[in-house]
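Okay, so here's the structure we're looking at.
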There are 2 protein chains.
Amino acid sequence: MKFEAITIKDIAKALHLSVSTVSKALRGSHEISEETKKHVLAYANEHNYKPNPIAQSLKRGLSKSIGVIVCNIDNNFFSAVINGIESVARQKDYNVIITQSQESYEREIANSEHLSSRSVDGLIISLSAETKRVDHLIKLHDKGLPMVFFDRITDEIATHKVIADNFKGAYEGTRHLVQQGFRRIAHITSSSSLSITLERLEGYKKALADAGLTFEEKYIKLCPHGGMIKEETQQALTELLQMKDRPDAIFTASDRLSTTTLSLLRKMQIEVPQQIALVGFTNSISADIFHPSLTAVVQPALEMGQLATDLLIQLIEAKRPVTEFQKRVLDTELQIRDSSLRAK
Amino acid sequence: MKFEAITIKDIAKALHLSVSTVSKALRGSHEISEETKKHVLAYANEHNYKPNPIAQSLKRGLSKSIGVIVCNIDNNFFSAVINGIESVARQKDYNVIITQSQESYEREIANSEHLSSRSVDGLIISLSAETKRVDHLIKLHDKGLPMVFFDRITDEIATHKVIADNFKGAYEGTRHLVQQGFRRIAHITSSSSLSITLERLEGYKKALADAGLTFEEKYIKLCPHGGMIKEETQQALTELLQMKDRPDAIFTASDRLSTTTLSLLRKMQIEVPQQIALVGFTNSISADIFHPSLTAVVQPALEMGQLATDLLIQLIEAKRPVTEFQKRVLDTELQIRDSSLRAK
DNA sequence: TTTTTTTACGAAAACGTTTGCGCGAAGAAC
DNA sequence: GTTCTTCGCGCAAACGTTTTCGTAAAAAAA
């Protein structure tokens, strides 16, 4: 079951030329006469010649493919990012190999090693919720594998990074709740080891501070698996709801946490926003048809993917070692809907 | 910026052996003495030797990668399928290269050619909504490229296929609406060239017939781009709503169509299910938090992806040409929620 | 001791490219 | 008429493997 294609050799034989002549003719080398080039090109087109990318990769030492590690593709934020990655990669003739860590540290290590041994030319990564140490990535980076981080990034590796303005997004989301008159605002977020968790927490705190509200540790609930385990979110939510001074609003820090929280509240028959208001980070395309429609901090996911890919390809194709790295921070957008509106 | 790794040559040099000896030792050949094998293995492990997959591919003529063409990754059904594909592929040590047709015939052609020239060992495809002819795929299939179709399949290529039981799914969805007392049930569906469109339409018709309701052509609205173009859905919906004997229920045939329809109805301030009921094919993980929660025909997306991948790898690794092909039909599940319930 | 077999390894070709170099022929410069 | 360029092309090595075949030396059989 092999798929046979025409090779340079076949062309050479057919045209009574040498392999090298054909190769050069195809690449338009000045060493070859116009006439010969024309012949070769014509024959190649006619027989639909496509260079074997594997042979080219072997020769050039570049595979023209990039690896992607995200926690989960089945998620509006990440699928949109991948959409962006794919569009830029395709345009620049790179292949994209996608892998999922499922928020597992083990799988992230396995995937990164598998991808590098599969000789991808570079890596685009968003860290898993379980990841606390990045030695596995440092090792690869030190060996010269270009990488770009997005969303969940690390300070321990000097390279390009692309994130949304998590601080500002969280600040605006929280401030909006404050402005609506909510006072006991809880925050359900991911693993404390993630960069986004910290940044969003800071934005949340600052919004409280600016409004003269005191920050209360008890209103912060961590879900170490970022919502992948429903029970974790359930537990967090239950604890919040059983408090004496139970929160009157919740600010959730990720896509999965937001939808899960809303779903759980609905199951518990708790009215949103009447009994408790909700603002969430989410890129769900259906936030407007949720019950209630969900006020969302939306990240520019597509752009993040595109930008990350652009930066990675820059790194890959750089002639000389790159030493200046960018940390690009893209704006978020607050989409206000019913879930956060104070009942009149 | 190249990523350097240890090769067989390096091992050979270090151990004063020939390249061929090292290669055989690594593969455990009986031609090599136990002692030498031990040395080589030890050295290889110590220096973390990984065979260069590109060189192996070139040699073997197999790339250990499979290509995927779906219309859109940013869609709960397809991302779940890809989830399934990825899990099986990874387990069998295949790479997955994902491409999107965005429901465009042109892009489907471009992607299929790009993937085959990228020498994937096989293809997993769900046809785009625009696709009416599959010559581009026939060409590749005839050349010996193994492929498996899922969801949107074609009869014109003899190979394995994986689909959900679209007829039964549509039948049950429609019958449920009938049982709830709805009589004028419209059907918004995709391009008429898609297999799923026909199958679902048949299920819909049969359910009407079995209930003694007459099928009316005017209640069928096609969206040739499968919901990718919002205006198309808008148009279809508007036409339905302006009828004299306007439908009292809608059955939507795809993920995107379902969410878009619900969103539009909401925007038009039409109460679901009071003014019009809704049942949709969808794999949205959030169907339960929609307003109203959406009655859904759910496809076993993950299983479909896994099964398709299993079948494809069987084809790829088959010793002799395969002539018996399977068409696997997986069960759908009807999840009844508020959007289809007759008000008391 | 001679012949045969076995063992353990190396040489080389192959996969399909790319590329530095060499070389003969034609033309230009002297 | 000799030397120097330039042109157009082919040779061969290289990328990292795998695999066929050949072959020394050691072991076994005669």
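Keep in mind the model is a prediction, meaning the values are calculated, not measured. Each chain gets a letter, A, B and so on, in the order its sequence line appears, and its residues count up from 1.
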**Message:** Whether B:Glu35 and B:Lys38 form a salt bridge (side-chain N of Lys/Arg under 4.0 Å from carboxylate O of Asp/Glu) is what I want to check.
**Reply:** no
**Prompt:** Does A:Glu113 come within less than 4.0 Å of A:Lys139, counting only side-chain N to carboxylate O?
**Reply:** yes
**Heavy-atom side-chain proximity of A:Phe149 to A:Val162 below 4.5 angstrom** = no
So, OP1 or OP2 of [N]: does either fall under 4.0 Å of a side-chain N or O from [X]?
| X | N | value |
| --- | --- | --- |
| B:Gln56 | D:dT18 | yes |
| A:Lys9 | C:dT17 | no |
| A:Thr21 | D:dC9 | no |
| A:Arg60 | D:dC15 | no |
| A:Tyr49 | C:dG16 | no |

Nearest whole Å is fine: how far is [N] [atom2] from [X] [atom1]?
| X | N | atom1 | atom2 | result |
| --- | --- | --- | --- | --- |
| B:Ile32 | D:dT18 | CD1 | P | 13 Å |
| A:Arg27 | C:dT18 | CZ | C1' | 7 Å |
| A:Leu58 | C:dA14 | CG | P | 17 Å |
| B:Asp10 | D:dC15 | CG | P | 10 Å |
| B:His30 | C:dC9 | NE2 | P | 13 Å |
| B:Lys38 | C:dC9 | NZ | P | 13 Å |

Categorize [X] for me: base, sugar-phosphate, or nothing, with a 4.0 angstrom heavy-atom threshold over every strand shown.
| X | result |
| --- | --- |
| A:Leu17 | sugar-phosphate |
| A:Ser23 | base |
| B:Ser20 | base |
| B:Thr36 | sugar-phosphate |

**Prompt:** Under the 3.5 Å rule, do the base of D:dC9 and the side chain of A:Ser18 count as making a donor-acceptor pair?
**Reply:** no
**Request:** Test for a donor-acceptor pair under 3.5 Å between the base of D:dG8 and the side chain of A:Lys24, counting only N and O atoms.
**Result:** no
**Request:** Could you point out which residue of B:Glu108, B:Arg152, B:Glu106, B:His136 forms a side chain to side chain donor-acceptor pair (under 3.5 Å) with B:Thr131?
**Result:** B:Glu108
**Item:** Residue whose closest nucleotide on DNA chain C lies nearer the 5' end, A:Ile8 versus B:Lys37
**Value:** B:Lys37
**Asked** Taking for each residue the nucleotide of DNA chain C bearing the nearest heavy atom, is the 5' side occupied by B:His16 or by A:Ala55?
**Response** B:His16
**Prompt:** Can you tell me if NE2 on A:His39 sees more than 12 non-hydrogen neighbours from other groups inside 6.0 Å?
**Reply:** no
**Asked** Where the side chain of B:Asn52 is concerned, which of D:dG16, C:dT18, C:dT19 is the nearest nucleotide?
**Response** D:dG16
